[in-house]
Student: 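Below is the structure I would like to discuss, written out as structure tokens.
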Amino acid sequence: MAALQAILEEEAPHLLEKREKKERREGLPELKNAEKGKVVLRFAPNPNGPLSFGHARGIVINGNYAKEWDGELILRFDDTDTVVKPPLNEAYQQIPEEAEWLLGFKPHRIVIASEQMPHYYEHAVLMLERNFGYVCQCSGEAFKEFRVSKTECPCRNNDVARNLELWGKMNDGTFVPGDAVVRVKTAMDLKNPALRDWPALRIQNTAEHPHPRPSIRSKYRVWPLLDFQSAVEDQIQGVTHIIRGKDLMDSTRKQTLLYEHFGWTYPETMYWGRVKVHEWGGFSTSQMRRDIEAGMFTGWDDPRLPTLNALRNRGITSKALRDFWVELGVTQKDISVPLSTLFSHNTKSIDDEAPRLSFIREPVKVELKGEHSDSVSVEIHPNHPERGMRTFDLQSHHIWIEKEDSVKNEVRLKGFANIETSNSPTEELSALIGSVDRNDRRPIIHWLSESNATNATLIVAEDGELNRLEGLIESHSYPHGTMVQIERIGYARILDDTTLIFTHS
RNA sequence: GCUCGUAUAGUGUAGUGGCCCAUCAUGAAGGACUCUCAUUCCUUCGACCCGGGUUCAAAUCCCGGUACGAGCACCA
């Protein structure tokens with residue numbers, strides 16, 4: 001093939017196109033039609049719970065593009081449903097904080113849909129007045145018939161005055177939920193049935209299901225659906241690029257039809273596919289909420305849960321999360337990723353900082369026999385001797401080792417000396433000190449001197465279980481929240497004076 | 001059922017007609033360093049879903065098949 005090309009170059013060079021040498025792309029794909037400083041992106045969660053691992057993708061990807069193009073990232077609360085997925089008041093505080101933690105910067109604008117209702121009403125009326133929308137009084141089932149049979153619903157022929165009159169009845173309480181919706185006129189023979197005369201606004205019973213925001217409560221009966229609300233809001237905010245899950249592809253098409261009616265230009269759009277994390281499987285905010293309320297989890301930050309809060313609490317850094325999502329990119333493939341991929345990013349982001357500590361699971365006390373020094377010092381971080389040493393006091397001649405290690409007869413105490421344990425069934429375990437120099441290949445184990453050990457609990461979330469391992473931690477003075485590496489076990493985060501949470505190995 | 005979308009090593013990912021007997025990361029195996037089963041470094045392994053077509057040339061374009069996913073809600 002290459003040979004053929006060479007011949008062609010000789011004989012008929014005009015047949016070959018000249019091409020630039022391509023470089024491997026770094027990071028996210030190029031944003032189409034983007035202009036430096038003029039890019040506006042948004043991330044629009046429903047505040048019906050705290051952010052989860054999946055939300056992080058939206059924040060990271062949109063945030064990264066905003067940063068890359070000197071643009072803006074809007075954090076928008078799509079809180080227009082009070083019945084099926086009712087918002088949670090705390091989330092309005094928590095989500096911006098979590099987003100900032102994840103991004104490393106504050107979102108440039110925060111928009112709350114429920115506060116933008118006048119805009120949506122204005123556009124709804126405009127839509128009726130210009131006659132590309134109508135009030136439909138068919139039931140859901142009745143309309144479904146029209147949709148599948150590609151026939152127009154009779155309400156479609158209402159004149160403008162009639163539609164405005166019905167609009168009034170939707171708003172004044174004459175109509176109850178189910179009585180009427182506002183639909184956008186499209187061609188009824190569109191190939192994709194999902195798009196045919198799609199619903200834009202509906203009535204909610206906000207007397208029984210008030211909006212949780214005190215300023216909203218039962219103020220409105222008619223609420224926009226996502227496709228309408230989002231479309232209008234994107235236009236108002238001047239959004240230039242929308243990057244979201246491919247489950248919203250049909251939403252884009254609906255919204256494009258609305259944009260055409262209004263004479264607007266739809267933003268550039270990109271999609272990502274579904275991501276499953278092997279260890280978590282499927283999860284939804286609503287399901288988590290039910291499970292927490294049922295007492296299956298300790299709260300939104302239960303380390304078994306895939307919430308951002310839980311991951312953060314457990315010791316996953318925002319950098320690891322960012323690197324993880326950027327690496328996955330914005331392909332439309334549906335993928336399944338093991339948690340170890342995230343952990344590998346996390347190790348990279350914490351190992352160089354994490355001080356080393358000894359933690360003894362199932363401690364066994366050992367009496368040291370023979371000559372040894374009064375204390376032993378080991379490095380706080382083996383790759384950073386300048387950070388100093390930690391010192392174990394040995395004047396009591398007693399140390400702790402893990403039960404699992406105690407059955408081995410010849411081991412080496414890390415940083416100290418070889419020992420030979422002698423196990424008499426009645427007496428406590430004793431060990432004869434051997435060579436201080438390392439002179440053979442015997443296994444190296446971690447240990448703790450009696451006077452440097454503090455009782456501690458290591459919380460381990462594994463296989464859906466939450467286990468509390470009681471043990472001994474090396475005495476230290478690191479502040480709460482510090483990431484440490486517990487030698488031979490893995491990384492952990494210090495929660496308080498006597499508790500650590502296991503991050504990963 | 002209708003509609004839309006996706007298919008590259010075990011897992012992710014680069015690649016929009018010749019640079020590709022295919023990139024990078026992760027993983028696995030081996031090794032170096034190391035008084036941690038960590039970190040770092042080195043080596044090796046391993047992939048273009050299938051079948052047609054277009055073309056001098058196809059991972060890349062077209063058609064068909066298969067598989068997987070999503071939408072068809074008065075949820076977001």
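Proteins come first, then strands; the chains are lettered A, B, ... in the order of their sequence lines, and each starts at number 1. Remember, predicted model here, so these are calculated numbers, not experimental data.
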Student: Go through the steps to decide whether A:His345 and A:Glu327 satisfy the test side chain to side chain donor-acceptor pair (under 3.5 Å), and finish with yes or no.
Tutor: CA-CA 10 Å; A:His345 284 291; A:Glu327 184 174 66; 3.0 Å; yes
Student: For A:Asp227 and B:rA70, give me the distance from atom CG to atom P, rounded to whole Å.
Tutor: 18 Å
Student: Quick one: look up who B:rC37 pairs with, Watson-Crick or G-U, both distances under 3.5 Å, and put none if it's unpaired.
Tutor: none
Student: Would you say the side chain of A:Phe77 lies within less than 4.5 Å of the side chain of A:Pro87, judging by non-hydrogen atoms?
Tutor: no
Student: Please give the distance between the C1' atoms of B:rU55 and B:rG12 as a whole number of Å.
Tutor: 33 Å
Student: When rounded to the nearest Å, what value does the distance between C1' atoms of B:rU66 and B:rG10 take?
Tutor: 22 Å
Student: How is A:Ser286 classified with respect to the nucleic acid when contacts are heavy atoms under 4.0 Å: base, sugar-phosphate, or nothing?
Tutor: nothing
Student: Any side-chain heavy-atom pair from A:Tyr266 and A:Leu258 closer than 4.5 angstrom?
Tutor: no
Student: Quote, to the nearest angstrom, the C1' distance that separates B:rA76 from B:rU36.
Tutor: 48 Å
Student: Grab the NZ-C1' distance between A:Lys85 and B:rC74 for me, whole Å please.
Tutor: 15 Å
Student: Looking at B:rA22, which nucleotide sits across from it as a Watson-Crick or G-U wobble partner, both distances under 3.5 angstrom, or is there none?
Tutor: none
Student: Do A:Gln287 and A:Asp291 get their side chains close enough for a donor-acceptor pair, meaning under 3.5 Å?
Tutor: yes
Student: Should A:Phe502 and A:Glu462 count as side-chain neighbours, where that means a heavy-atom distance under 4.5 Å?
Tutor: no
Student: Using atom C1' in both nucleotides, what's the gap between B:rU60 and B:rC48 to the nearest angstrom?
Tutor: 10 Å
Student: Under 3.5 Å, is there a donor-acceptor pair linking the side chains of A:Tyr92 and A:Asp79?
Tutor: yes
Student: Distance check, P atoms only: B:rG53 and B:rA59, in whole angstrom units.
Tutor: 15 Å
Student: What does B:rA47 pair with, Watson-Crick or G-U, if both distances are under 3.5 Å?
Tutor: none
Student: Do you see a donor-acceptor pair shorter than 3.5 Å between the side chains of A:Ser349 and A:Thr317?
Tutor: yes
Student: Using whole Å, what does the distance between atom P of nucleotide B:rU3 and atom CE of A:Met188 come to?
Tutor: 16 Å
Student: Would you find a donor on one side and an acceptor on the other, under 3.5 Å apart, between the side chain of A:Tyr259 and the backbone of A:Pro267?
Tutor: no
Student: Check the distance between B:rC75's C1' and A:Phe77's CZ and give it to me in whole angstrom.
Tutor: 18 Å
Student: Scan every strand shown for a Watson-Crick or G-U wobble partner of B:rG1, both distances under 3.5 Å, and answer none if you come up empty.
Tutor: B:rC72
Student: Ignoring hydrogens and geometry beyond distance, is a side-chain donor-acceptor pair present between A:Asp250 and A:Asn192 at under 3.5 Å?
Tutor: yes
Student: Using the C1' atom as the point on both nucleotides, what is the distance between B:rG69 and B:rG30, in whole Å?
Tutor: 39 Å
Student: Tell me the interatomic distance from A:Trp272, atom CH2, to B:rA70, atom P, rounded to whole angstroms.
Tutor: 17 Å
Student: Figure out the CZ/P separation between A:Arg57 and B:rA76, and round it to whole Å.
Tutor: 23 Å
Student: Between B:rG12 atom P and A:Arg274 atom CZ, what is the distance in whole Å?
Tutor: 15 Å
Student: Under 4.0 Å between a side-chain nitrogen and a carboxylate oxygen: does that hold for A:Glu474 and A:Lys414?
Tutor: no
Student: If you define the side chain from C-beta out and look only at heavy atoms, does anything of A:Arg289 sit under 4.5 Å from A:Ser286?
Tutor: no
Student: For B:rG30, what is the paired nucleotide under Watson-Crick or G-U wobble rules, both distances under 3.5 Å?
Tutor: B:rC42
Student: Among B:rU11, B:rC72, B:rU13, which is the nearest nucleotide to the side chain of A:Pro338?
Tutor: B:rU11
Student: With distance as the sole criterion, is a donor-acceptor pair present between the side chains of A:Ser251 and A:Asp227 under 3.5 Å?
Tutor: yes
Student: Rounded to whole angstroms, how far apart are CG on A:Leu257 and C1' on B:rC72?
Tutor: 15 Å
Student: Would you please indicate if the ring centroids of A:Trp223 and A:Phe228 are separated by under 6.0 Å?
Tutor: no
Student: For A:Gly273, which contact category applies under a 4.0 Å heavy-atom criterion: base, sugar-phosphate, or nothing?
Tutor: nothing
Student: On a whole-Å scale, what distance lies between the C1' atoms belonging to B:rA9 and B:rG51?
Tutor: 23 Å
Student: For B:rA14, give its Watson-Crick or G-U wobble partner with both distances under 3.5 Å, or none.
Tutor: none
Student: I need the residues from residues 197-212 of chain A with at least one non-hydrogen atom less than 4.0 Å from RNA chain B; give them sorted by number, or say none.
Tutor: A:Pro199, A:Arg202
Student: OP1 or OP2 of B:rU13 versus the side-chain N and O atoms of A:Thr331: is any pair under 4.0 Å?
Tutor: yes
Student: In B/S/- notation, 5' to 3', how is nucleotides 35-47 of chain B contacted by protein heavy atoms closer than 4.0 Å?
Tutor: BBBBB--------
Student: Would you mind classifying the nucleic acid contact of A:Gly329 as base, sugar-phosphate or nothing, using non-hydrogen atoms under 4.0 angstrom?
Tutor: nothing
Student: Distance check, P atoms only: B:rA14 and B:rC24, in whole angstrom units.
Tutor: 14 Å
Student: Determine whether the side chains of A:Glu233 and A:Tyr120 contain a donor N or O and an acceptor N or O closer than 3.5 Å.
Tutor: yes
Student: Between A:Asn383 and A:Asp352, do the side chains contain a donor N or O and an acceptor N or O under 3.5 Å apart?
Tutor: no
Student: Between A:Val176 and A:His345, just flag the one whose closest nucleotide in RNA chain B comes earlier from the 5' side.
Tutor: A:His345
Student: Determine, for nucleotides 4-9 of chain B in 5'-to-3' order, which nucleotides have protein heavy atoms under 4.0 Å from the base (write B), from only the sugar-phosphate (write S), or from neither (write -).
Tutor: SBSSB-
Student: Report which part of the nucleic acid A:Leu248 touches: base, sugar-phosphate, or nothing (heavy-atom distance under 4.0 Å, all strands).
Tutor: base
Student: Please state whether the phosphate of B:rA76, meaning OP1 or OP2, lies under 4.0 angstrom from any side-chain nitrogen or oxygen of A:Thr80.
Tutor: yes
Student: Is there a Watson-Crick or G-U wobble partner for B:rU66 with both distances under 3.5 Å, and if so, which one is it?
Tutor: B:rA7
Student: Taking only the side-chain heavy atoms of A:Ile335 (C-beta and beyond), determine which of B:rC72, B:rC74, B:rG12 contains the nearest atom.
Tutor: B:rG12
